[in-house]
> 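Dropping the structure in here first, questions after.
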There are 2 protein chains.
Amino acid sequence: MDTISVRPARIQDVAAAAGVSVSTVSNVLNRPERVNALTAERVRDAVAALDYVPHPGAAGLRTGHSSSIGLVLPDVANSFYSRIARGAADAAYDHGYSLVLCDSGDAPEREQGYFTMLVEQRAVGAVVVPLGADPTRLTRLRERGIPLVLADRAMPAQDGCSVSVDDIAGGRIAVQHLLDCGARDLLVVNGERGIRQCADRYQGARQAVRSRRAARLGQVVAEEMTVAYGMEIARKLDDLPDGVFCTNDFLAAGLCRGLGERGVKVPEDVQVVGYGDLDIASFVGTTLTTIRQPVEELGRAAVEMLLDEVEARAEHAHETRVFAPDLVLRESTRAPSAP
Amino acid sequence: MDTISVRPARIQDVAAAAGVSVSTVSNVLNRPERVNALTAERVRDAVAALDYVPHPGAAGLRTGHSSSIGLVLPDVANSFYSRIARGAADAAYDHGYSLVLCDSGDAPEREQGYFTMLVEQRAVGAVVVPLGADPTRLTRLRERGIPLVLADRAMPAQDGCSVSVDDIAGGRIAVQHLLDCGARDLLVVNGERGIRQCADRYQGARQAVRSRRAARLGQVVAEEMTVAYGMEIARKLDDLPDGVFCTNDFLAAGLCRGLGERGVKVPEDVQVVGYGDLDIASFVGTTLTTIRQPVEELGRAAVEMLLDEVEARAEHAHETRVFAPDLVLRESTRAPSAP
DNA sequence: CTGTTAGCGCCTTCAG
DNA sequence: CTGAAGGCGCTAACAG
């Protein structure tokens, strides 16, 4: 069967069918308390009978409110971002907004294209993981009347809300856990220094060690954060540490495997903590103890903060929300002894 | 700085500024050929000066056309679906449509909620990866005037377009490759029979072997398609085959690792082909030769078929497009000898 | 080639 | 508590 093009019922049709005026129908739908219960009943019957579906777009034209919010990110296919998207979609759905997916594909022109699209659509706001560090374009969007919430990026508090995960805390938790499990000769297997997340996680690791005089902390930097480099590092290690914190799960998975090939047992000889709770962490042979980042919640919170700004306007105070990562215990570390 | 609420310029303002009528402005924007070059120039200047941005929503109210298309799927955080989303977003962007992300979260009520949202928004159409097998709700959507393209699911051709990947061909290619590489004693490590994809891939594998009398094909079914089960299977294997086709990359990764622990070398002793080209395939120690599915293209094609239906209407012929998977050569198989 | 006019579907004063 | 009328921003006839 092909598409039937029955012109959908309009509010007028409902009014006629119910024997009332359009404004009464509108009231029944939007402010039921102002309408006599019986007439309301009649109207609702008519709505059902005609399969009437209101048209928020038309309403928005009148009221000035739209009901779509933008989600601008570099690449939905990347699991970190797709998890943000999931959380954002959840929240948007719960609040009756629709989420417009804007995948900039790492291309600034395209990001800009989406920005103007959002202006055209009169989106109520946008959650964005911006591409460059340059805030000019973001500011312009905001001046255009589109409130923004930044995700996973810093943002001067006065300019708007932002959400992110605390990587320093993550590093601290990871290493603290190794200490709790009895490890004292520690190694951080890190990614490039330039990556903010890596630097922060290392800083957190140092904080944890500082509180425990008796422990040592080394660091080795992997060229790329992949399983292969993790294995490589495991092979080259001279004196084995008794605890390793890898700043990403791929490195951790590779490291475990490389150690295995040398006959080193995880967690008996060396304990390992990863970071990110990627799929791989629970699929791998020795499942990884790792740091979970509440990414979905991050997306959800971003949307909710945005809606608060949109709906509260005057009373809204910008907020920089930082989420706490937490530890997922699996096989690559031993049970912690009570401190 | 806070949101400045300057009421955006309307088409009237532009008309006034340029000293012409609104319809002329509209024409300049939509059918430039019907307008004198000089007046057009004046209008464009005014547009720029006032920072005028057209309001497609209002236009749509008038024309009846909307410019948003829905993307309904079970879970964006799942990499298969997020890749579809990426392709769909690409195509939608290229054609000037906006993509509304509808993550049903595996909940039928929610999927239904999104369906009615799409009706409300008068979406021009939707790409959907439906939850259940029941086509009733889909049909209703279509009757409501929202054309559908199904992704990764079967659909009677007369009811609309669909896109999917040919799993039989995928299985055939995988095993053919093993044969080309000299393997003769083959094993399929599969998931549950009930899963259509698994059944299809096995069927493809059998087709490949049938053409080569001299080869044997066994099958073993893993309870779950994870790295851990792959390892398990590698450990339990009695007589080693010389070629293994795992119907998913997790299984393949686990298998390789399990074989490694037994001292069996990949690809020297046993060659392995995976399926899916997940991240893990290229990150793992011995990188996996695997079957790539053109998932992004699937998403892109879905949107384009949808738009064809929307724009062509009468001449549009429903199409069931099946994509061909292909082989990605990596380290877990030896170079094929010319056939 | 350009201007005038009448809605698209809805909400919202303002009267009754 | 209900109805009539105007307009949100834009396009599409139809005149000029």
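It should be emphasised that the depicted structure is a prediction, and the values quoted were computed from it without experimental measurement.
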> Nearest to the B/I11 side chain among C/dG3, C/dT12, D/dC10, which nucleotide is it?
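The nucleotide sitting nearest to the side chain is D/dC10.
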> If I compare all heavy atoms of B/E319 with all of B/M305, which pair ends up nearest, and what's the gap?
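Nearest heavy atoms, B/E319 then B/M305: O-CE, 3.3 Å.
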> Distance check needed: C/dG7 C1' versus A/Q12 CD, whole Å only.
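One finds 11 Å between C1' of C/dG7 and CD of A/Q12, rounded.
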> With a distance cut-off below 6.0 Å to the six-membered ring centre and an angular limit of 45° from the axis, does A/R110 pair with B/Y93 as a cation-pi contact?
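Yes, A/R110 sits over the ring of B/Y93.
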> So, A/S66 versus A/Q121: side-chain donor-acceptor pair below 3.5 Å or not?
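No.
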> In whole angstrom, give the distance that lies between atom CD of A/Q121 and atom C1' of D/dC10.
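So the two atoms are 16 Å apart, to the nearest Å.
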> So, OP1 or OP2 of D/dT11: does either fall under 4.0 Å of a side-chain N or O from B/S26?
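Yes, B/S26 has a side-chain N/O under 4.0 Å of OP1/OP2 on D/dT11.
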> Whole angstrom is fine here: how far is it from CG in B/L29 over to P in D/dA12?
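For the pair B/L29 CG and D/dA12 P, the rounded distance is 12 Å.
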> Regarding B/H95 and B/E304, is there a side-chain donor-to-acceptor distance under 3.5 Å anywhere?
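Side chains of B/H95 and B/E304: pair found under 3.5 Å.
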> Respond yes when some side-chain nitrogen or oxygen of A/T39 is under 4.0 Å from OP1 or OP2 of D/dC1, and no when none is.
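So the side chain of A/T39 is outside the cut-off, no N or O lying under 4.0 Å from OP1 or OP2 of D/dC1.
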> Closest nucleotide of DNA chain C for B/V22 versus for B/V35: which of these residues is on the 5' side?
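Checking each residue's closest nucleotide, the 5'-ward one belongs to B/V35.
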> Grab the CG-C1' distance between B/N30 and D/dT11 for me, whole Å please.
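After rounding, the reported distance stands at 8 Å.
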> Name the residue closer to the 5' end of DNA chain C, choosing between B/V20 and A/N27 according to the nucleotide with the nearest heavy atom.
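Nearest nucleotide further toward 5': that of B/V20.
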> Using a cut-off of 4.0 Å on non-hydrogen atoms, how would the nucleic acid contact of A/R31 be classed: base, sugar-phosphate, or nothing?
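Since only primed, P, OP1 and OP2 atoms lie under 4.0 Å of A/R31, the category is sugar-phosphate.
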> Give a yes or no answer on whether the side chain of B/S104 reaches the backbone of B/L73 with a donor-acceptor pair at less than 3.5 Å.
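Present.
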> Take the protein atom CZ of B/R10 and the nucleotide atom P of D/dG7, then report the distance between them rounded to whole Å.
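About 11 Å, once rounded to whole Å.
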> Can you tell me the distance, in whole Å, between the CD atom of A/E41 and the P atom of D/dC1?
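The distance from CD of A/E41 to P of D/dC1 comes to 16 Å, rounded to the nearest Å.
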> In whole Å, I'd like the distance from the OH atom of A/Y52 to the C1' atom of C/dG9.
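Taking OH of A/Y52 and C1' of C/dG9, I get 7 Å after rounding.
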> Where along residues 56-66 of chain B does a heavy atom fall under 4.0 Å from DNA chain C?
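Per residue number, the list reads B/L61, B/R62.
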> Salt-bridged, A/D45 to A/R42, with N to O below 4.0 Å?
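No, A/D45 and A/R42 are not salt-bridged.
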> How close or far is atom C1' of D/dC8 from atom NE2 of A/H55, stated in whole angstroms?
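Spelled out: NE2 on A/H55 to C1' on D/dC8 is 13 Å.
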> Taking all heavy atoms of B/I146 and all of B/A123, pick out the closest pair and write down the distance.
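Nearest heavy atoms, B/I146 then B/A123: CD1-O, 3.5 Å.
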> Does the base of D/dG3 carry an N or O that pairs as donor and acceptor with the side chain of A/T24 under 3.5 Å?
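Answer is no: no donor-acceptor pair is held.
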